[in-house]
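The next block holds one structure in the form of structure tokens; read it before the comments.
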Number of protein chains: 2
Amino acid sequence: MTAHAVVLTSVRRAFPFGLLDRPGADHVTIVAEVGHPHRFPRGGAAPGTATVDVVEVESIRDTTEVLRAVRRVSASRPVDRVVSPVEFGVATAGFLRSSLGIPGESFDVGLAFSDKFLMKRRLAEAGVRTARFTRVFDPADVGAAGDGLGWPVIVKPSVGALCMDVARIDGPDEAIAWATGPVGERLRADGMPVAVEQYVAMDQEFHVDAVVRAGEVLFATVSIYFAPLLGQIDDFDGSWIVPHDHPDHAEALALATRSVDALGLRDGIAHVELFRSADGFRVGEAACRPPGGGIVDAVRHQHGVDLWEAYWSVALGRAPELDAVATEGVVANVNLPIRPGRIVELSTEVEIRAACPGLIDVRMTMRVGDVISSDLNSSSTPGVVFFRARDEAGIRTTLASLRRAYRLEVEPTSG
Amino acid sequence: MTAHAVVLTSVRRAFPFGLLDRPGADHVTIVAEVGHPHRFPRGGAAPGTATVDVVEVESIRDTTEVLRAVRRVSASRPVDRVVSPVEFGVATAGFLRSSLGIPGESFDVGLAFSDKFLMKRRLAEAGVRTARFTRVFDPADVGAAGDGLGWPVIVKPSVGALCMDVARIDGPDEAIAWATGPVGERLRADGMPVAVEQYVAMDQEFHVDAVVRAGEVLFATVSIYFAPLLGQIDDFDGSWIVPHDHPDHAEALALATRSVDALGLRDGIAHVELFRSADGFRVGEAACRPPGGGIVDAVRHQHGVDLWEAYWSVALGRAPELDAVATEGVVANVNLPIRPGRIVELSTEVEIRAACPGLIDVRMTMRVGDVISSDLNSSSTPGVVFFRARDEAGIRTTLASLRRAYRLEVEPTSG
């Protein structure tokens with residue numbers, strides 16, 4: 001039993017706070033950012049569940065500020081564990097653990113899983129193949145970086161989350177336009193280094209989700225994205241879990257395992273993205289938290305493993321409940337497409353069920369009348385669909401059927 | 001040749017900036033704290049010497065602020081090395097290296113050499129004997145900590161430098177007085193954790209100064225303090241370098257080497273303090289910088305090794321110039337005593353020379369009329385004396401002679 005866990009959160013990818021109702025911690029202090037609407041549980045609802053306090057900070061990325069807040073909290077109740085289910089808090093959580101001597105992944109490991117440049121460098125140093133990469137401290141230097149790496153390149157803030165501010169740049173002129181445009185100007189104002197990577201055309205993109213404890217992979221599952229993620233927001237995206245006898249399964253799993261090791265994760269959940277091109281596999285990125293979208297549920301439907309439960313258990317130093325089972329066929333998770341504007345037409349749940357043989361579940365999260373901002377990211381979706389097919393061909397058939405049936409119309413909004 | 005080194009400084013223990021006139025770096029950015037009087041070299045005085053810029057921050061302990069400043073600096077000139085010759089910057093320097101992927105000691109190693117609790121815990125985990133210790137986040141909890149460890153205890157801010165705010169507390173009542181007094185209140189207001197250590201009576205206190213490169217000790221020297229440091233500010237302090245055949249030399253050196261290894265230093269200068277009690281040796285503290293007071297000069301007089309040159313070389317990734325020699329006898333460095341007030345009488349250099357057979361050098365830094373604040377610390381002294389004796393007995397004789405001859409009178413000041 002952990003006496004006291006600190007959980008870092010921000011507005012995105014909120015922690016599934018239902019976990020706090022399971023045994024694990026006596027008390028949880030949530031460190032949240034001010035100005036975001038919070039709906040945190042009060043805690044202590046039942047005997048054996050955690051009581052909850054909330055402490056607000058300006059930014060969970062400000063290591064100095066968060067350390068000060070957590071030291072204050074420690075004065076009344078010692079902190080045993082620090083958990084960051086949100087990407088922006090991963091380095092800060094490592095900083096807190098290192099600074100306060102709390103068990104778990106250090107600042108260096110937190111950085112390896114959140115700074116795109118340090119991540120790739122660690123992978124490359126361990127002999128894991130990645131796209132070629134470099135880093136610039138001034139967006140204006142992307143042009144020179146691209147000349148060195150070869151065009152096109154992908155640029156990313158060295159510390160970011162999801163696909164925010166990730167762009168493909170095809171040559172020197174585009175690099176100048178990007179550096180002097182709104183994203184380049186903002187990154188310069190923030191003093192944010194930019195990771196610059198060689199663009200590599202991919203045939204297929206994979207993700208491997210693994211539960212790691214004491215440096216050992218206890219459970220891992222390999223999935224294939226429907227389409228490479230970047231630039232696919234306005235289309236059906238999602239992934240399907242590939243069976244062990246899939247020709248790419250062994251290599252993807254081995255590469256992800258080497259990546260987890262290279263990045264230094266000993267206790268946690270790894271989400272590793274990798275891709276196959278004409279000349280073989282490369283690792284893209286890795287995160288040390290459960291994946292977003294519908295992946296966690298897909299893994300549960302396929303293997304009976306709850307990655308969030310495992311995350312919370314391992315984060316608290318306990319053995320996760322892993323009774324992995326092999327269910328029939330392959331499970332897919334589909335994020336329905338979205339476009340900015342006011343929704344005037346949207347498929348109903350009934351229509352989706354009718355178009356989706358092998359359907360397991362539908363979760364619609366938007367409806368007609370909702371306004372979708374243009375600030376889309378790779379986890380924006382009006383709904384998630386889970387279905388089971390016999391094999392890869394069955395996945396394709398069902399996806400085609402869904403695509404034919406799906407209705408989405410939006411109208412421009414004045415805002 | 002290092003293209004660009006960042007050097008963190010604060011008001012205390014300034015870096016010997018003469019080093020910048022030696023080959024090593026093309027350019028040095030000094031990160032200094034605002035509001036301190038600075039006298040930094042302009043640099044670029046001669047071909048092959050570094051040019052110098054100064055960037056000011058509020059506090060070199062504010063990791064967020066310093067990272068932001070160094071990222072800005074990096075936009076115009078990439079940073080190759082980060083150096084902190086001052087204790088308060090050691091953790092920040094590690095933070096910068098980890099965050100920016102710069103070679104050298106990581107944040108965890110910086111913490112191991114600057115946070116008194118993490119330091120002792122690392123040592124204990126590696127089987128290096130220390131006084132028993134714990135940590136509290138509220139000064140009011142020192143009483144309970146002392147009850148657990150056994151009285152008396154020594155309290156220290158978990159991050160501090162020199163002997164600042166270090167105190168011996170003999171029992172629960174004193175603990176309450178300390179916690180509610182000015183130091184306790186300040187530490188509480190700062191949210192500074194307190195390291196609490198069992199007080200262990202010592203027979204003799206040692207320091208070992210070592211040059212470490214690629215994890216290997218290239219040079220090390222063992223010295224004995226005249227008297228255990230704490231509480232000895234108003235007396236002759238200093239140390240003498242013990243010869244290799246001294247009965248404690250081998251054990252002190254072995255223990256210091258194990259400590260350096262346990263704390264994770266692979267490249268740098270270690271200053272390890274350890275002591276012998278009735279029941280054997282324990283390690284007190286360790287720093288990863290050249291020692292203060294007259295020790296660096298004493299080592300140079302004894303062995304011909306310049307620890308500051310070695311520090312700068314290793315920090316820049318170069319092999320240090322180590323042509324260690326064995327000179328005759330033993331070299332001592334003596335810090336002349338001081339008391340707060342206005343100096344009305346003080347020995348002259350001529351008087352000190354006359355009282356000190358084997359004298360190597362005297363450096364008086366104060367004179368009659370100077371006002372000494374009550375904010376003394378273990379490196380406050382009106383002057384340093386270096387002398388050479390045949391052996392330990394000779395050291396005692398000369399110290400006794402110095403003590404008889406030394407004149408210091410101060411009068412109270414109204415300020």
Side-chain angles (χ1 to χ4, degrees), chain A residues 57-59 61-79 91-92 94-95 97-102 105-112 114-122 125 134-141 158-159 187-195 264, chain B residues 57-59 61-79 91-92 94-95 97-102 105-112 114-122 125 134-141 158-159 187-195 264:
Chain A
V57 295
E58 282 295 322
S59 165
R61 296 162 76 173
D62 184 334
T63 47
T64 301
E65 183 193 14
V66 178
L67 175 60
R68 196 175 296 132
V70 173
R71 277 181 175 165
R72 258 196 311 271
V73 165
S74 303
S76 50
R77 200 192 285 255
V79 174
T92 302
F95 176 83
R97 293 186 206 105
S98 284
S99 297
L100 298 172
I102 291 171
E105 313 312 307
S106 69
F107 183 49
D108 282 322
V109 175
L111 287 168
S114 56
D115 181 296
K116 314 300 186 198
F117 172 77
L118 297 177
M119 180 187 295
K120 279 224 161 46
R121 199 169 66 176
R122 274 220 194 197
E125 283 170 359
T134 186
R135 171 183 53 178
V136 298
F137 284 89
D138 185 337
D141 293 333
S158 65
V159 180
L187 296 179
R188 179 180 296 110
D190 290 350
M192 175 59 71
V194 180
Chain B
V57 295
E58 282 295 323
S59 165
R61 296 162 75 172
D62 184 334
T63 47
T64 301
E65 183 193 13
V66 178
L67 176 60
R68 196 176 296 132
V70 174
R71 277 181 175 165
R72 257 197 311 272
V73 165
S74 303
S76 49
R77 200 192 284 255
V79 174
T92 302
F95 176 83
R97 293 186 205 105
S98 284
S99 297
L100 298 172
I102 290 170
E105 313 312 308
S106 69
F107 183 49
D108 281 321
V109 175
L111 286 168
S114 55
D115 182 295
K116 313 300 185 199
F117 172 77
L118 298 178
M119 181 187 296
K120 279 223 161 46
R121 199 169 66 175
R122 273 219 194 198
E125 282 169 359
T134 186
R135 171 183 54 177
V136 298
F137 284 89
D138 184 337
D141 294 332
S158 65
V159 180
L187 296 179
R188 179 181 296 109
D190 290 349
M192 175 60 71
V194 180

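For a residue to count as touching a neighbouring chain, one of its non-hydrogen atoms must lie under 4.5 Å from one of that chain's; by this rule B/L100 touches chain A with backbone and side chain alike. In this structure, chain A has a heavy atom under 4.5 Å from the side chain of B/R135, while its backbone stays farther away. Both the backbone and the side chain of B/S99 have a heavy atom closer than 4.5 Å to some heavy atom of chain A. For B/R72, no part lies under 4.5 angstrom from a heavy atom of chain A.
For A/D115, there are no side chain to side chain donor-acceptor pair (under 3.5 Å) partners, not counting sequence neighbours.
Of the residues considered (B/G101, B/A112, B/A140), B/G101 shows the highest number of contacts with chain A, using heavy-atom pairs under 4.5 Å. The candidate with the highest count of non-hydrogen atom pairs below 4.5 Å against chain A, out of B/D62, B/D141, B/D138, B/V136, is B/D62. For the set A/P139, A/S158, A/P193, A/S106, the count of heavy-atom pairs under 4.5 angstrom toward chain B peaks at A/P193.
In terms of heavy atoms, A/R97 sits closest to A/E105 at NH1-O, 2.7 Å.
Of the possible donor and acceptor atoms, one in the side chain of A/E65 sits under 3.5 Å from a partner among the backbone N and O of A/S59. No donor-acceptor distance shorter than 3.5 angstrom exists from the side chain of A/S98 to the backbone of B/D108, with no hydrogens or angles considered.
Between the side chains of B/T63 and A/T63, at least one donor N or O sits under 3.5 Å from an acceptor N or O.
Ring geometry for A/F95 against B/F107 counts as parallel: the plane angle stays under 30°, on a 0 to 90° scale with 60° as the upper cut.
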